[in-house]
S.K.: 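Take this structure, written in structure tokens, and hold onto it; I'll ask about it next.
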Amino acid sequence: MSTVSGKETGLLFRQLLDYKSYTYTYLLADPVSRIAVLIDPVIDMVDRDVALVRDLGLDLKYAVNTHVHADHITGTGEIKKRVAGCKSLISKVSTAKADVHISEGDVIKFGPYQLDCYSTPGHTDGCMSLVLRSEGLVFTGDAVLIRGCGRTDFQQGDAGKLYDSVHTKILSLPRFFKLYPAHDYTGQTSSTVGEELQHNQRLTRTRDEFIKIMHNLNLPYPKQIDKALPANMVCGVFDASQ
């Protein structure tokens with residue numbers, strides 16, 4: 001799936017789906033300088049992503065992971081091999097390898113646009129949400145999903161920490177901000193801060209209620225975690241042939 005921002009600023013915006021892991025990859029670009037950023041690429045979809053970048057005549061500078069994913073292998077390493085000058089980014093707290101480590105308060109600039117980096121731990125310690133204030137967009141990774149949130153039962157998960165970071169960093173944004181998660185399993189593509197404040201059945205509860213809900217989910221062990229985590233810890237330098 002892809003969409004284009006209808007705002008007069010002309011931001012180029014594509015939302016792309018990996019139908020196997022239900023992961024959304026986001027391509028953002030300045031149409032004047034052609035500088036682009038790719039958020040949460042998936043290794044199985046690198047051919048598609050690189051082809052789109054070339055079709056649109058973009059200069060892909062950054063491939064960003066919102067966190068160390070457990071359900072798929074990142075495409076950043078393979079993209080770096082195919083796109084000269086592209087750098088991989090991930091949170092410094094994650095301790096994963098990358099060309100650039102980002103922290104709370106950092107910005108990712110592309111042309112006149114910038115993504116503000118917000119630390120939103122709880123699903124993992126290294127979760128980052130990326131806010132494009134000029135367009136009213138927030139890319140939440142797994143911290144906030146549409147009507148849900150990332151699980152907190154493995155990989156440094158902490159339900160209380162997730163509740164606090166989500167409410168102070170994401171759900172405190174203006175209600176009209178569009179929310180774009182790293183995954184959706186029901187076919188929805190986006191939400192808003194206001195919608196999640198009203199309808200998210202987990203995050204509208206009290207902190208104690210939320211912690212109880214998350215502790216009682218009893219979710220199955222992630223199928224790809226044993227393969228994905230080691231590969232994603234060497235984000236940006238993973239050899240796809242291994």
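No hydrogens, no waters, no symmetry mates; every other heavy atom, side chains included, goes into these values. This is a predicted model, so every value here is computed, not measured.
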S.K.: For D226 and Y221, which I'm curious about, is there any donor-acceptor pair between the side chains at under 3.5 Å?
M.R.: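 The criterion, which ignores hydrogens and geometry beyond distance, is satisfied for Y221 and D226.
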
S.K.: Check whether any side-chain heavy atom of I73 sits under 4.5 Å from a side-chain heavy atom of K227, and report yes or no.
M.R.: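 Heavy-atom side-chain distance check passes, below 4.5 Å.
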
S.K.: Between P181 and T140, which heavy-atom pair has the shortest distance, and what is it?
M.R.: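 So the two residues come closest at CA-OG1, 3.4 Å.
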
S.K.: Between M128 and I90, is there shared hydrophobic-cluster membership here, with clusters defined by ILVMFWY side-chain heavy atoms closer than 4.5 Å?
M.R.: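 No; I90 is not reachable from M128 via cluster members.
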
S.K.: Is a side-chain donor or acceptor of E78 paired with a backbone partner of G75 at a separation under 3.5 angstrom?
M.R.: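 Such a contact is absent between E78 side chain and G75 backbone.
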
S.K.: Quick one: are I146 and T186 in side-chain contact, heavy atoms under 4.5 Å?
M.R.: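 The answer is no; the side chains never approach within 4.5 Å.
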
S.K.: May I ask you to check whether over 12 heavy atoms, not counting those of K169, lie within 6.0 Å of atom NZ?
M.R.: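 Yes, the 6.0 Å shell around NZ holds more than 12 heavy atoms from other groups.
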
S.K.: Would you confirm whether N232, through its side chain, and H72, through its main-chain N or O, come within 3.5 Å as a donor-acceptor pair?
M.R.: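 Yes; at least one donor-acceptor contact below 3.5 Å.
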
S.K.: Hey, are the side chains of L28 and F110 touching, using non-hydrogen atoms and a 4.5 Å cut-off?
M.R.: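 Of all side-chain heavy-atom pairs linking F110 with L28, at least one is under 4.5 Å.
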
S.K.: Verify, without hydrogens or angle tests, whether R82 (side chain) and V50 (backbone) share a donor-acceptor contact under 3.5 angstrom.
M.R.: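 No, because the side chain of R82 does not come within donor-acceptor range (under 3.5 Å) of the backbone of V50.
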
S.K.: Between the side chain of D59 and the main-chain N/O of R34, is any donor-acceptor distance below 3.5 Å?
M.R.: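 Answer holds: no.
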
S.K.: Any carboxylate oxygen within less than 4.0 angstrom of a Lys/Arg side-chain nitrogen, looking at R207 and D164?
M.R.: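 The answer is yes: the pair qualifies as a salt bridge.
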
S.K.: Taking the side chain as every heavy atom from C-beta outward, state whether H69 and H67 have any atom pair closer than 4.5 Å.
M.R.: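 H69 vs H67: side chains touch.
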
S.K.: Are the charged groups of E195 and R147 less than 4.0 angstrom apart, N to O?
M.R.: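 Salt bridge flag = yes for R147 with E195.
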
S.K.: Looking at CG of L56 and CZ of R54, how far apart are the two atoms once the value is rounded to the nearest 0.5 Å?
M.R.: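 That separation rounds to 12.5 Å.
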
S.K.: Quick check on the hydrophobic clustering: are V107 and V64 connected, directly or via other members, by side-chain heavy-atom contacts under 4.5 Å?
M.R.: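 Different hydrophobic clusters.
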
S.K.: Would you say V193 and L173 make side-chain contact, with heavy atoms under 4.5 Å?
M.R.: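 Result yes, sub-4.5 Å side-chain heavy-atom pair found.
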
S.K.: Between D158 (side chain only) and G122 (backbone N and O only), is there a donor and an acceptor less than 3.5 Å apart?
M.R.: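 A pair under 3.5 Å: no.
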
S.K.: Go through the steps to decide whether R175 and T192 satisfy the test side-chain contact (heavy atoms from CB on, under 4.5 Å), and finish with yes or no.
M.R.: CA-CA 7 Å; R175 295 174 69 92; T192 67; over 6 Å; no

S.K.: For H101 and S91, indicate whether the former's side chain and the latter's backbone hold a donor-acceptor pair under 3.5 Å.
M.R.: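 Checking the backbone N and O of S91 against the side chain of H101, no donor-acceptor pair under 3.5 Å is found.
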
S.K.: Got C117 and E104 here, is their nearest side-chain heavy-atom distance under 4.5 Å?
M.R.: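 Of all side-chain heavy-atom pairs linking E104 with C117, none is under 4.5 Å.
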
S.K.: Check for a donor-acceptor pair, side chain of H167 on one end and backbone N or O of L203 on the other, with a separation under 3.5 Å.
M.R.: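 Yes; judged by distance alone, with no hydrogens or angles, the pair exists.
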
S.K.: Search all heavy atoms of I213 against all heavy atoms of Q201 and return the closest pair with its distance.
M.R.: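 In terms of heavy atoms, the two residues are closest at CD1-O, 4.3 Å.
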
S.K.: Could you give me the CA-CA distance, side-chain angles and deciding distance for L132 and L11, then say whether side-chain contact (heavy atoms from CB on, under 4.5 Å) is met?
M.R.: CA-CA 11 Å; L132 188 60; L11 173 74; 3.6 Å; yes

S.K.: So which heavy atom on L162 is nearest to which on H123, and how close?
M.R.: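 The pair with the smallest heavy-atom distance is CD1-N, 4.0 Å.
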
S.K.: Among T25, T66, T23, T76, which residue meets the side-chain hydrogen bond (donor to acceptor under 3.5 Å, both in side chains) test with D40?
M.R.: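 It is T66; the other options fail the test.
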
S.K.: Is the closest side-chain heavy-atom distance between L38 and V53 below 4.5 Å?
M.R.: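 Result no, sub-4.5 Å side-chain heavy-atom pair not found.
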
S.K.: Is the closest side-chain donor-acceptor distance between S191 and E196 under 3.5 Å?
M.R.: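 Side chains of S191 and E196: pair found under 3.5 Å.
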
S.K.: Of all heavy-atom pairs between A143 and T120, which one has the smallest distance, and what is that distance?
M.R.: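 Between these two residues, the closest heavy atoms are CB-OG1, 3.9 Å.
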
S.K.: Mind checking whether Y180 and F139 have parallel, tilted or perpendicular rings, split at 30° and 60°?
M.R.: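 Rings of Y180 and F139: parallel, under 30°.
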
S.K.: Say you draw a straight line from CG of D153 to CG of L217; how long is it, rounded to the nearest 0.5 Å?
M.R.: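 It comes to 7.5 Å.
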
S.K.: Keeping the roles fixed (side chain from Q155, backbone from V68), state whether a donor-acceptor pair exists under 3.5 Å.
M.R.: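 Yes, because the side chain of Q155 sits within donor-acceptor range (under 3.5 Å) of the backbone of V68.
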
S.K.: For M214 versus A159, what's the shortest heavy-atom pair and its separation?
M.R.: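 Looking at all heavy atoms of both residues, the shortest contact is CB-CB, 3.8 Å.
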
S.K.: State whether the side chain of Y163 and the backbone N or O of R205 hold a donor-acceptor pair below 3.5 Å, judged by distance alone.
M.R.: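 A pair under 3.5 Å: yes.
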
S.K.: Can you give me the closest heavy-atom contact between D142 and L145, atom names plus distance?
M.R.: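 Nearest heavy atoms, D142 then L145: CA-CD2, 4.0 Å.
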
S.K.: Please say yes or no: joined through hydrophobic side-chain contacts below 4.5 Å, possibly via intermediate residues, are F176 and V138 part of one cluster?
M.R.: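 Same cluster.
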
S.K.: Could you measure the distance from the OG atom of S134 to the CG atom of L115? Nearest 0.5 Å is fine.
M.R.: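 It is 8.5 Å, given to the nearest 0.5 Å.
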
S.K.: Are the side chains of Y26 and V37 in contact, using a 4.5 Å heavy-atom criterion?
M.R.: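 Counting from C-beta outward, V37 and Y26 never come under 4.5 Å.
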
S.K.: Do L58 and I79 share a hydrophobic cluster (ILVMFWY, side-chain heavy atoms under 4.5 Å, transitive)?
M.R.: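 Cluster IDs for L58 and I79 match.
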
S.K.: Is there a path from I102 to Y113 through hydrophobic residues (I, L, V, M, F, W, Y) whose side chains come within less than 4.5 Å of each other?
M.R.: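 Hydrophobic grouping puts I102 with Y113.
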
S.K.: Quick one: do Y24 and L17 satisfy side-chain contact (heavy atoms from CB on, under 4.5 Å)? Show the steps, please.
M.R.: CA-CA 5 Å; Y24 284 127; L17 175 66; 3.8 Å; yes

S.K.: Using 0.5 Å steps for rounding, measure from the CD1 atom of I39 to the OH atom of Y62.
M.R.: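 The CD1 atom of I39 sits 13.5 Å away from the OH atom of Y62.
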
S.K.: Excluding sequence neighbours, so at least two apart, what forms ring-ring contact (aromatic ring centres under 6.0 Å, His included) with Y118?
M.R.: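 By the ring-ring contact (aromatic ring centres under 6.0 Å, His included) rule, Y118 matches no residue at all.
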
S.K.: Quick check for you: to the nearest 0.5 Å, what is the distance between K109 atom NZ and S33 atom OG?
M.R.: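 K109 NZ to S33 OG: 13.0 Å, rounded to 0.5 Å.
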
S.K.: Keeping the roles fixed (side chain from S165, backbone from P121), state whether a donor-acceptor pair exists under 3.5 Å.
M.R.: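 Flag set: sc S165 to bb P121 pair under 3.5 Å.
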
S.K.: Indicate the ring-plane relationship of Y185 and H183, choosing parallel, tilted or perpendicular according to the 30° and 60° boundaries.
M.R.: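 Correct class here is parallel.
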
S.K.: Going by atom types only, do Q114 and D116 share a side-chain donor-acceptor pair under 3.5 Å?
M.R.: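 Note: Q114 and D116 side chains meet the donor-acceptor criterion.
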
S.K.: Could you give the distance from CG (D47) to CG (L52), rounded to the nearest 0.5 Å?
M.R.: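 Result: 12.5 Å between the selected atoms.
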
